Amino acid sequence: MNLEQDYRPFLIFGSICTVSAAAITLGGIDFVGVWMDALYPIIILFAVASLSISWIRWKKMNEES
């Protein structure tokens, strides 16, 4: 496992955070609860950061080959 070129863990974590953020947005407090609604900004931050890192690593991996 090459940590500089491995993008899959970040892609999976970013996808999970994106699905969680969508559930919070669409479901509201009744569906996800107050604690998930309070964590919404952090979940959005993790989603954007993870997907960005995975995109950069994937693009870097494709440019080298």
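Nothing here was measured: the structure is a model prediction, and the numbers come from that model.
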Quiz item: Is there a path from Val32 to Trp35 through hydrophobic residues (I, L, V, M, F, W, Y) whose side chains come within less than 4.5 Å of each other?
Solution: yes
Quiz item: Ile44, Leu51: one ILVMFWY side-chain cluster at the under-4.5 Å cut-off?
Solution: no
Taking all heavy atoms of [X] and all of [Y], pick out the closest pair and write down the distance.
X     : Y     : answer
Ser54 : Leu11 : CB-N, 3.7 Å
Gly14 : Ala47 : O-CB, 4.1 Å
Ser50 : Phe13 : OG-CD2, 3.1 Å
Pro41 : Ala38 : CD-O, 3.6 Å

Quiz item: What residues, two or more places apart in sequence or in another chain, satisfy side-chain hydrogen bond (donor to acceptor under 3.5 Å, both in side chains) together with Thr25?
Solution: Tyr40
Practice problem: Not counting sequence neighbours, which residues clear side-chain contact (heavy atoms from CB on, under 4.5 Å) with Ile42? List them please. | Solution: Leu39, Phe46
Quiz item: Quick one: side-chain contact (heavy atoms from CB on, under 4.5 Å) partners of Trp55, sequence neighbours excluded?
Solution: Trp58, Lys59
Self-check item: Pairs satisfying salt bridge (Lys or Arg N to Asp or Glu O under 4.0 Å), at least one member in residues 8-33, at least two apart
Solution: Asp6-Arg8
Self-check item: Members besides Ile16 in its Ile/Leu/Val/Met/Phe/Trp/Tyr cluster (side-chain heavy atoms under 4.5 Å)
Solution: Ile12
Quiz prompt | Residues clustered with Val34, ILVMFWY side-chain links under 4.5 angstrom | solution = Ile29
Quiz prompt | Atom pair CZ/CE of Phe31 and Met36 - distance to nearest 0.5 Å | solution = 9.0 Å
